[in-house]
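Single-structure report; data block below.
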Amino acid sequence: MSTATVAAATTQRHRAASAVFLGAVFASAVGDEVASIAVLVHLAGSRQSLLIAALLVLQIAPAVLLAPLTGQLLDRRDAGRMLALASALQAVVLLAMSSWPSTGVLLAGTAAVGALGAVAAPAAVVLIPVVVGEAFPARANSLLELSRSASTLVGPVLGGVLVAAAGVRSALLADAVSFGLATLVIAVMRVRRPVAGDDRVWWQGATEGVRFLARQGELRAVLPILVFTVSASSMVNVATVFFVRGPLHAGGAALGLLTAAWGVGAMAGAAVASRREWRAPERAVQAGAAAMGLAILLYGAFAVLGVTVLMALLAGAANAYQNIAMRTAVQTRTPAELLGRAHAAAGSVVNTFFLVGFALGGVFAAADPRSTFVAAGAVTLAAAGAGLARDGLRVRRRAAPVAETEC
């Protein structure tokens with residue numbers, strides 16, 4: 001058999017494996033969206049805003065608090081097995097939530113699913129380049145982002161339909177089934193990421209991912225920009241409903257259109273990123289942040305539905321582009337033995353500032369949603385612009401001695 005034939009067969013196998021793996025990720029992500037809508041609708045019936053706030057915190061906080069431990073786990077145990085186990089346990093928890101959908105069970109179950117998701121999310125990121133077989137991880141990360149972006153379009157609609165037609169129990173059961181299918185697929189595929197043995201006590205080295213991000217120059221330089229972008233996007237999530245009802249003088253249809261536009265833009269941004277092979281993905285992080293900041297700024301400045309739809313498309317595309325570039329930067333700058341901890345630490349930073357953005361949006365968005373958009377966009381744009389300017393100055397300084405020598 002010729003080398004070309006072997007290479008073609010290998011490529012075909014990787015494509016088939018990646019399609020199956022991404023299908024499993026998509027199914028479980030759609031299930032998550034369905035369950036989130038179901039629990040939100042159920043708790044909203046109590047008319048207690050604190051329960052809604054508790055739900056949002058319980059969805060995100062485990063990924064923040066458990067990141068050092070989950071990253072350590074993925075660097076000391078096979079990520080494929082951990083992903084299958086976490087998915088199976090999520091299915092069990094969701095079955096319990098479906099069987100006893102009381103407020104206490106729903107909140108406790110949400111916390112448990114979030115804690116298991118703190119393992120599953122970085123595990124999928126670590127595994128996707130292995131499954132896709134890409135030497136450069138940008139395309140693999142783009143496929144993962146595309147799958148997740150598509151789930152945010154399909155999941156809420158499906159969740160709303162299921163809750164309206166069959167109630168919260170059926171929606172939670174559907175999510176349990178999606179995780180059960182994902183477990184089966186991952187187990188049958190036998191996706192493996194070999195790890196080196198480590199004789200240290202299990203908690204030793206848990207914070208090495210955070211320390212690595214703080215030491216690694218290129219990653220350390222873009223983390224503040226990521227912080228601004230994440231905070232801005234979560235502030236926008238809170239402010240959008242008030243912006244639609246206030247400055248836009250519109251209703252639910254406009255809110256749905258803008259939400260869908262962001263999701264479609266994210267899919268477009270992932271498609272664009274899949275064609276990139278960045279030598280310096282950190283600059284792509286900064287460029288994505290600049291585009292997103294500009295889009296959010298213009299979104300708020302022009303309270304016209306047509307303009308806001310276009311800006312939502314651009315913001316969604318820039319957000320996905322930046323997410324992919326940041327994952328790629330972590331993967332290309334991090335030694336293999338630290339990869340799980342580095343991804344978990346980066347995810348912890350993102351989720352922490354999601355919470356910060358939610359809090360800021362909760363304080364300012366209702367009173368002045370337009371200014372919330374403008375301020376979030378302006379700060380993000382300024383931070384990204386400063387990063388790009390600093391990098392440009394650094395490049396010129398490095399080139400200057402060479403030019404003087406040639407003269």
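All residue numbers refer to positions in the sequence shown, counting from 1. Here the structure is a predicted model, which means the values were calculated and not measured.
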- Query: Looking only at atom types and distance, does a side-chain atom of Asp175 sit under 3.5 Å from a main-chain N or O of Asp32, one as donor and one as acceptor?
  - Reply: yes

Would you tabulate the side-chain donor-acceptor contacts of residues 218-228 under 3.5 Å, counting partners in other chains and residues two or more places apart, or write 'none'?
residue	atom	partner	partner atom	Å
Glu218	OE1	Gln216	NE2	2.9
Arg220	NH1	Ala214	O	2.9
Arg220	NH1	Arg215	O	3.0

- Query: Taking the side chain from Arg77 and the backbone from Met82, do they hold a donor-acceptor pair closer than 3.5 Å?
  - Reply: no

- Looking only at heavy atoms, the pair that brings Phe212 and Leu338 closest together is CD1-CD1, 4.1 Å

- So, does Ser231 use its side chain to make a donor-acceptor pair with the main chain of Gly357 at under 3.5 Å? no

- Message: Is it the case that the side chain of Asn351 and the backbone of Gly347 share a donor-acceptor pair, with hydrogens and angles ignored and the cut-off at 3.5 Å?
- Response: yes

- Nearest atoms (heavy-atom pairs only) where Val119 meets Leu74: O-CD1, 4.0 Å

- Looking only at atom types and distance, does a side-chain atom of Ser371 sit under 3.5 Å from a main-chain N or O of Asp368, one as donor and one as acceptor? no

- Item | Ser151 (side chain) donor-acceptor with Arg148 (main chain) under 3.5 angstrom | yes

- Item | Distance-minimising heavy-atom pair for Phe354 and Ile60 | CB-CD1, 4.1 Å

- Interatomic spacing from OG in Ser98 to CG in Leu172 - rounded to 0.5 Å: 5.5 Å

- Give every residue pair that meets the ring-ring contact (aromatic ring centres under 6.0 Å, His included) criterion with at least one member in residues 300-347, sequence neighbours excluded. Trp278-Tyr321

- Query: Checking Ser348 side chain against Ala344 main chain: does a donor-acceptor pair fall under 3.5 Å?
  - Reply: no

Can you give each donor-acceptor pair under 3.5 Å made by side-chain atoms of residues 252-273, sequence neighbours left out, with the distance rounded to 0.1 Å?
residue	atom	partner	partner atom	Å
Thr259	OG1	Leu255	O	2.9

- All heavy atoms of Leu213 vs all of Ala346, minimum pair found to be CD1-N, 3.7 Å

- Message: Looking at Thr183 and Ala88, would you say the former's side chain and the latter's main chain have a donor-acceptor pair under 3.5 Å?
- Response: yes

- Is it the case that more than 12 heavy atoms not belonging to Arg81 sit under 6.0 Å from its CZ atom? no

- Check whether any side-chain N or O of Gln331 sits under 3.5 Å from a backbone N or O of Val125 as a donor-acceptor pair, and report yes or no. yes

- Indicate whether the side chain of Gln59 and that of Ser36 have a donor and an acceptor atom separated by less than 3.5 Å. yes

- Message: Show the nearest heavy-atom pair for residues Ala79 and Ala123, with the distance to one decimal.
- Response: O-CB, 4.0 Å

- Item | Thr152 and Glu33 side chains, donor-acceptor separation under 3.5 Å | no

